[in-house]
Each structure stands twice: as structure tokens, then as C-alpha cells.
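Keep in mind that what you see is a predicted model, and the values were worked out from it rather than measured. Order of the sequence lines fixes the chain letters, A, B, ..., with proteins taken first and strands second; residue numbering starts at 1 for each chain.
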There are 2 protein chains.
Amino acid sequence: MTLIVDTTSENSASGHSESRADGNYGGGRPVAPTVSDLLAELVAEGLLSEPDSTRARLLTCAAGLFEQKGFARTTVRDIAAGVGILSGSIFHHFSSKEEILRCAMEEVTLHARALMAAAVAASDTPREQLRACIRCELEAIHGEAVPGFSILVLEWRSLSSESQARVLRLRDSYEEIWRKVFAALDGPLDDPALSRRLIQGAIAHTHNWFKPEGRALSLEKLSDRILAVFAPA
Amino acid sequence: MTLIVDTTSENSASGHSESRADGNYGGGRPVAPTVSDLLAELVAEGLLSEPDSTRARLLTCAAGLFEQKGFARTTVRDIAAGVGILSGSIFHHFSSKEEILRCAMEEVTLHARALMAAAVAASDTPREQLRACIRCELEAIHGEAVPGFSILVLEWRSLSSESQARVLRLRDSYEEIWRKVFAALDGPLDDPALSRRLIQGAIAHTHNWFKPEGRALSLEKLSDRILAVFAPA
DNA sequence: GAAGCTACCAAGCACGTGCTTGGTTCGCAA
DNA sequence: TTGCGAACCAAGCACGTGCTTGGTAGCTTC
């Protein structure tokens with residue numbers, strides 16, 4: 001089961017214990033790229049910014065600020081100050097504030113997609129794959145895996161319709177993973193598309209109430225609860 | 001069941017078929033107030049603006065604009081123009097733009113609460129009551145019953161923390177209805193609070209994808225689907 | 001070592017925005 | 001008639017904001 005990312009990456013001979021993105025275990029066949037490989041490849045393709053570059057730091061900082069204060073209440077001066085440059089210099093890297101938001105959303109999407117693809121590949125049964133998806137999306141929102149992930153939901157309306165369309169194409173490749181998992185899942189889910197939308201809303205809304213630290217309910221348990229609701233054993 | 005309400009009618013001796021808000025049927029005991037009565041009472045208490053007053057029109061118009069364009073992208077000039085006055089005149093009614101948002105949220109909450117209370121009272125079994133709640137919240141988002149309801153979700157972050165706290169108190173009285181319904185529901189829902197939060201997210205998210213007009217999936221069917229997921233028969 | 005490019009600075013412009021201020025109209029009550 | 005307050009107008013102030021412009025340090029390349 002290969003997922004989304006077409007991969008020209010030839011070998012992954014590095015051989016550490018990262019989970020691989022096609023679930024191809026056993027047998028002598030070539031293994032799939034790891035998460036690091038996937039991300040590195042995206043960088044090589046120019047889809048993701050070079051890590052530690054000013055551009056990447058701007059996007060990460062901006063995503064964090066947008067998530068925290070909202071797009072409208074975040075100024076380009078805030079973003080610039082966050083990475084230690086002046087506000088005017090931002091426009092050497094981006095042509096407008098909105099482009100910053102769009103690019104941040106795109107990078108965040110690619111990042112989350114890579115993580116989820118790998119997690120799904122590392123799971124055996126369809127139900128475990130669904131659990132992995134839920135877990136990944138929750139982790140993206142609440143963990144440190146994909147900082148700024150929430151802007152995809154929170155600031156969607158701050159994007160022009162053209163930008164929305166662009167991000168949507170990437171977003172669709174993320175949703176494609178969910179679709180395949182649902183398709184493989186036989187059971188009571190007679191309408192996978194609807195289920196996905198309900199799950200998506202339920203998960204996104206956790207942003208408003210779930211506090212991972214010091215709560216009785218862990219992120220792990222929350223995943224299981226959501227799985228139990230949408231795919232009863 | 002009539003919904004949108006102006007009503008000077010103090011008692012409901014007119015005897016139409018509005019549902020009543022305490023489920024008190026049979027016997028000769030005093031009947032509960034109708035939706036109209038509930039709203040009229042709120043007006044009398046000063047919690048809701050006098051219908052057709054400039055203040056009420058400003059709030060309705062503002063709620064609509066906030067829902068459509070977002071709080072930050074809506075100007076006080078937009079709102080004023082919507083009701084046919086000049087921007088400066090707004091500040092005779094409200095002390096700040098944020099107060100407009102807060103008041104709009106409060107009125108919307110009270111409105112939705114009245115509708116849901118009546119709908120729950122008109123339902124017999126706990127499961128039917130849950131269905132009514134789901135239906136009401138969906139109707140508030142997509143129908144014309146409570147125009148601007150979505151701002152409660154969409155523009156929550158545009159409110160200062162003090163304003164959030166004020167709205168939250170009202171919001172809690174709305175959630176109280178859900179809580180009671182869940183409490184009466186015996187079954188597989190071992191964690192009602194969690195279930196409510198998941199449902200809330202799922203329903204709120206429909207704002208992003210559900211289009212009532214001309215779709216195969218009606219609002220009625222959507223309610224049933226959500227009920228089936230969260231409270232399997 | 002000249003040329004050229006990238007990344008950034010320093011300063012500020014243009015404009016939209018929330019809100020203020022002083023004044024006017026009009027209904028209502030004594 | 002007079003007084004008064006609610007509702008609104010007309011004009012504009014103050015300021016934050018996105019973005020522009022002209023310039024410079026430093027690195028690379030031939």
C-alpha cells in the first residue's frame with residue numbers, strides 16, 4: 001500500500017527505526033522512505049522550505065502567531081520580530097501577508113501528511129490505521145509534531161478564494177489518506193465521506209477544550225474514545 | 001411550530017401548536033411558555049433587545065456580517081450602512097465594536113436556547129430529545145431560525161477574555177440543556193461530557209461543508225446520521 | 001577585483017479603521 | 001411654550017497597518 005507521495009527517493013539504507021510509509025515489511029523488497037526521507041524529498045522538490053532558512057523560520061513563526069492570535073491580529077511586524085528581522089524585509093521573501101498564510105498552510109499540510117502516511121504504513125489492520133490517523137491529527141493539533149497545524153481550520157476564511165483553491169489541492173492529498181483507510185475498513189461505516197467529516201469536526205474542536213497537560217484524559221485515550229465512537233469494535 | 005418571533009402576545013391563549021418548554025403535558029397543570037413567550041420574557045427582562053429597534057437591527061446585521069466576512073474584516077461602517085445610519089451613530093448604542101460582537105453572541109445564544117428548550121420539551125424519550133438537540137443546533141447553523149449563530153464558533157477568538165467569560169455564562173445555560181438530555185439517556189454513552197464535545201465539533205464543522213440546498217443529504221437525514229453515530233439504537 | 005546577487009536595513013508613505021466631538025432634529029412631558 | 005433627552009448626522013482625528021523605496025554589507029563567480 002503506497003501512499004500519496006510518489007517517491008523518487010531510491011534507497012533508505014540509513015536503516016533507523018523510523019516507521020516507513022508503505023507498510024512493506026518482510027521480504028527483500030525495497031523499503032519505503034522514512035518520515036525524514038519524505039520531508040527531505042519535499043525540500044528537494046522545492047515544496048518545503050529548507051529547514052533553518054529564514055523563510056522556514058518565518059513560516060514557522062507566522063504559523064504559531066496565527067494560531068495563537070489569529071491572522072488579522074498578527075502584524076507583519078510581529079512575525080519579523082519573531083525571527084529577528086525588520087518588517088520590510090519580510091517582503092523580500094513573500095509578496096504579501098496573505099502569501100505567508102498560504103505558504104504556512106501548505107507547509108503544515110505537507111508536514112502532517114508525511115507523518116500520517118508513515119503512521120498508517122506502520123499499522124497493520126485498517127482499524128489500526130484509522131486509529132493512527134486519528135492519533136496523528138490529534139497530535140498535529142495538540143503536540144509539537146506539526147506546529148501551527150490548527151491554522152488550517154482556524155484561519156481558513158482569512159484566505160482569498162484563489163489561495164483556498166491552491167491549499168485545497170494539497171489538502172486533498174492529505175484527505176486521500178483518510179479516504180483510503182476508510183475504504184479498507186469494512187464495517188458499519190456505510191458513508192465514509194460523512195464519517196470523515198464528522199470525525200474531522202470532532203477532532204478540530206478538541207482545539208477548544210482539550211488540554212493535554214495534567215488531565216485525566218490523555219491524548220492516547222482520547223484517540224481510542226473517538227475511534228470507539230466512529231468505528232465500534 | 002413557528003419559530004422566528006416577535007411577539008407582544010403575553011399569554012398563549014391563542015392556542016396554536018407551538019411546543020412548550022417544560023414537557024408538561026396532560027393533567028390540568030399550568031402549561032409552560034411557548035418559544036414566543038420565552039423570547040418575549042427575555043425582552044421584558046432586558047436580556048434581549050426590543051425587536052425592530054435600531055439596536056436589534058444592528059445586532060442582527062452585525063451577526064450576519066461577522067458570520068459572512070469575519071469580525072476583523074467587517075467595519076463599523078459596514079454595519080452602520082446595513083441598517084441605514086452613519087458609522088459614528090453606532091457608538092450611541094454600543095461603546096465599542098467588540099461590544100457589538102459580544103452582545104450579538106449573547107442574543108444569539110439566548111435565541112438558540114429558547115428554541116432548543118422548546119424542542120426538547122416537545123420530545124418524549126431521551127433519545128428523541130437528543131435528536132431534537134442535534135436538529136436544533138444544525139438548524140441554528142444552516143437554517144434561518146437563528147441568524148448568525150455560527151459566530152459563536154467562528155469568532156470566539158475575536159472576543160477579549162472578559163467578554164468571553166460573560167458570554168460563557170450564557171453559553172453554559174445552553175449547554176445545560178444538552179447535559180440534562182445526556183444524563184437522561186441511558187446507554188453506551190459512559191462519558192456524556194466527552195460525547196457532547198465530539199458532537200459539538202462535528203456539528204459546528206458542518207458549517208464548512210454542508211449545503212442544505214439541492215443536496216441529496218437533507219438536514220433531517222444529517223441529524224439522524226449524527227444521532228446514529230453518537231447514540232446507536 | 002569587478003560584477004552581480006541575496007538578504008537585509010532604515011525610513012516612511014498611503015490608507016483604512018475605530019472612535020470622538022460638536023451640533024441638529026424630533027418626540028414627549030410639565 | 002419650554003426644557004430635555006434620545007437618536008442621529010457631519011466631519012475628522014489618531015493611529016496601526018501592509019507595503020514601498022533606496023541603499024548597503026557580504027558572499028560568490030568569473
(message) Main chain of B:Leu154, side chain of A:Arg157: is a donor-acceptor contact present, judged purely on distance under 3.5 Å?
(response) no
(request) Between B:Gly84 and B:Ser87, just flag the one whose closest nucleotide in DNA chain D comes earlier from the 5' side. (result) B:Gly84
(message) Any base atoms under 4.0 Å from B:Ser95, or only sugar-phosphate, or nothing? Heavy atoms, all strands.
(response) nothing
(request) Please determine if A:Lys97 forms a cation-pi arrangement with A:Phe71, meaning its NZ or CZ atom is less than 6.0 Å from the six-membered ring centre and no more than 45° off the ring axis. (result) yes
(request) Could you check how far CG of A:Leu101 sits from C1' of D:dG18, rounded to whole Å? (result) 15 Å
(message) Using a strict threshold of under 4.0 Å (side-chain N to carboxylate O), is an ion pair present between B:Arg113 and B:Asp172?
(response) no
(request) Report the distance from atom CD1 of A:Ile79 to atom C1' of D:dG18, rounded to the nearest whole Å. (result) 11 Å
(request) Could you check which of C:dC19, C:dC8, D:dC19 has an atom nearest any side-chain atom of A:Ser89? (result) C:dC8
(message) What is the separation between atom CZ on A:Phe91 and atom C1' on C:dT6, rounded to the nearest whole Å?
(response) 18 Å
(request) Using a 4.0 Å heavy-atom cut-off across all strands, classify A:Ser53 as base, sugar-phosphate, or nothing. (result) nothing
(request) Among the candidates C:dC8, D:dC8, D:dG18, find the nucleotide nearest to the side-chain atoms of A:His92. (result) C:dC8
(request) Compare the minimum distances between each of D:dC19, C:dC19, D:dT17 and the side chain of B:Ser96, then state the nucleotide with the smallest one. (result) C:dC19
(message) Rounded to whole Å, please give me the gap between CD1 in A:Ile90 and P in C:dA10.
(response) 15 Å
(message) Tell me the interatomic distance from B:Glu99, atom CD, to C:dG18, atom P, rounded to whole angstroms.
(response) 15 Å
(request) Please tell me which of the listed nucleotides, D:dG18, D:dC8, C:dG18, lies nearest to the side chain of B:Ile85? (result) D:dC8
(message) Would you say B:His93 places a side-chain N or O within less than 4.0 Å of OP1 or OP2 belonging to D:dA6?
(response) no
(message) Between the side chains of A:Asp78 and A:Arg73, is the shortest nitrogen-to-carboxylate-oxygen separation below 4.0 Å, so that they form an ion pair?
(response) no
(message) Rounded to whole Å, how long is the line connecting atom NZ of B:Lys69 with atom C1' of C:dT17?
(response) 12 Å
(message) Checking contacts here: which listed nucleotide (C:dT20, D:dC8, D:dC19) is nearest the side-chain heavy atoms of A:Lys97?
(response) D:dC19
(request) Quickly work out the B:Leu86 CG to C:dC19 P distance and round it to whole Å. (result) 17 Å
(request) Mark yes or no for a side-chain to base donor-acceptor pair under 3.5 Å between B:Arg77 and C:dG18, with no hydrogen or angle criteria applied. (result) yes
(request) Measure from CZ on A:Arg57 to C1' on C:dC8 and round the result to the nearest Å. (result) 13 Å
(request) Output the single nucleotide from D:dC19, C:dC8, C:dC19 whose closest atom is nearest the side chain of A:Thr54. (result) C:dC8
(message) Do the side chains of A:Glu175 and A:Arg179 get close enough for a salt bridge, i.e. N-O under 4.0 angstrom?
(response) no
